[in-house]
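Counting convention: from 1, in listed order, for ligands and their atoms alike. Quick caveat: nothing in here was measured; it's all calculated off a predicted structure.
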Amino acid sequence: MRTGEQVSQALLSRAEAVLPGGVNSPVRSFQAVGLKPPFIARGRGSRLWDVDGREYVDFVCSWGPLILGHAHPAVVEAVERTARDGLSFGAPTAGEVEMAELIAEAFPSMEMMRLVNSGTEAVMSALRLARACTGRPCIIKFAGCYHGHSDGMLAQAGSGLATAGVPASAGVTPETAAATLIAPYNDPAALEAMFAARGGEIAAVIVEPVAANMGLVPPAPGFLPFLRRLTARHGALLIFDEVISGFRVAYGGAQALYDVRPDLTVLGKIIGGGMPVGAYGGGRDLMRQVAPLGPVYQAGTLAGNPVAVAAGLATLKILRADPAIYDRLEKNGAALAADLRRAAAGAGRPVTVTQLGSLLTVFFTPGPVANYAEARRSDTALFARFFTTLLANGVYAPPSQFEAFFLSAAHEESDLALAAAAGAAAMRAL
Ligand SMILES: *Cc1c(COP(=O)(O)O)cnc(C)c1O
């Protein structure tokens, strides 16, 4: 009988022979914190169990999709029921219509949309559409914002890349990279200057309206309305990448929370309820340019997959029926942030804890943290030690300074108390 970390370690050895780094997505490798990742056996509610039998309170929640926690009975039931009738048809199904109607109701800016299989795919498609509709080549993105791993978006992309210290990816041609202009987040003057210089070339500004891939960095007051005015003035589209913020910071996402209507919206994560679903959408005039109605080609063998859509629909219906979920997430997020600030102060550690609803990040810098350059001032070695003690105390936090903690509706007082105690112990142990 294997004990301790032995099962995870044995699996990792086998994995490393057949998967780069032993993983199917880089951040899972725990490379940024210098540890070996536990392999996960199962999850329920706020809890995870690894293959070695250890239990954790999970603050990653699959990087955002699991706003209801692991294996929510209604979501699991929907998946089981749908799967029994067939996994995929490559033909229209009722669930896709219901899903699109539900999303359009929550996001009035998305009059029409297309379902895809990932956030990456949704961003890629939205950018193609933006270029087609404006006839312009360039996209502005913000340093530290992540929009998936399509070629043009791999420039100063935050999280996984920030962690690895790679400015952009190998394999991206200079021609492709040149069509992406990088701006600092929360900096209106820099954007004004870019539009003054190259406004006629800019098809769209894409932004995480609540940035959560350089650690959590909320938008400064007025920043999103400014983007709306600036893009409209220059005939460029405004694209909100709400893959994290959609159905998380509010049921209607950041665009509802901040009352700004983008031209195009990208969704993912929560709308799949733990299964692979993405979506992009906007006004009818724009979306009618997508094939088969228009000249912008985009397709998918498994797009709108019935089982994945069933998981997403079940999740969205629960969120829609219980708006109090968002009040509770905000209350719990604020309480955990306050506890972690107190713990840091008690241990004499200068940190900046950002928090918005169910998202928070402990930056190991006195701050402020309003953009990527400021986030990068964090002491990542201290973060790694903080993370290590949390994990040893049963708290599964994001294994990188440049990611956010995700709370779910399944987190209870006892989970937060455990996290606060582990946080205090971790601050003392630094
Ligand atoms: C996760 C994420 C993506 C990419 O989604 P995938 O499903 O991983 O391809 C895009 N944008 C943002 C803001 C994300 O957080």
Contact set, ligand 1, heavy-atom distance under 4.0 Å, ordered by chain/number, equals S118, G119, T120, Y146, H147, G148, E208, N213, D241, V243, I244, K269
Any salt bridge linking R261 with E111? Criterion: basic side-chain nitrogen under 4.0 Å from a carboxylate oxygen. yes
So, H411 side chain and G69 main chain: donor-acceptor pair closer than 3.5 Å or not? no
Under a 3.5 Å distance rule, please check whether R341 uses its side chain to pair with a backbone N or O of V353 as donor and acceptor. yes
Between the side chains of D263 and R228, is the shortest nitrogen-to-carboxylate-oxygen separation below 4.0 Å, so that they form an ion pair? yes
Side-chain ion pair, K317 and E98, N-O less than 4.0 Å: yes
Pick from L382, T389, L390: which one makes a side chain to side chain contact (heavy atoms under 4.5 Å, CB included) with F386? L390
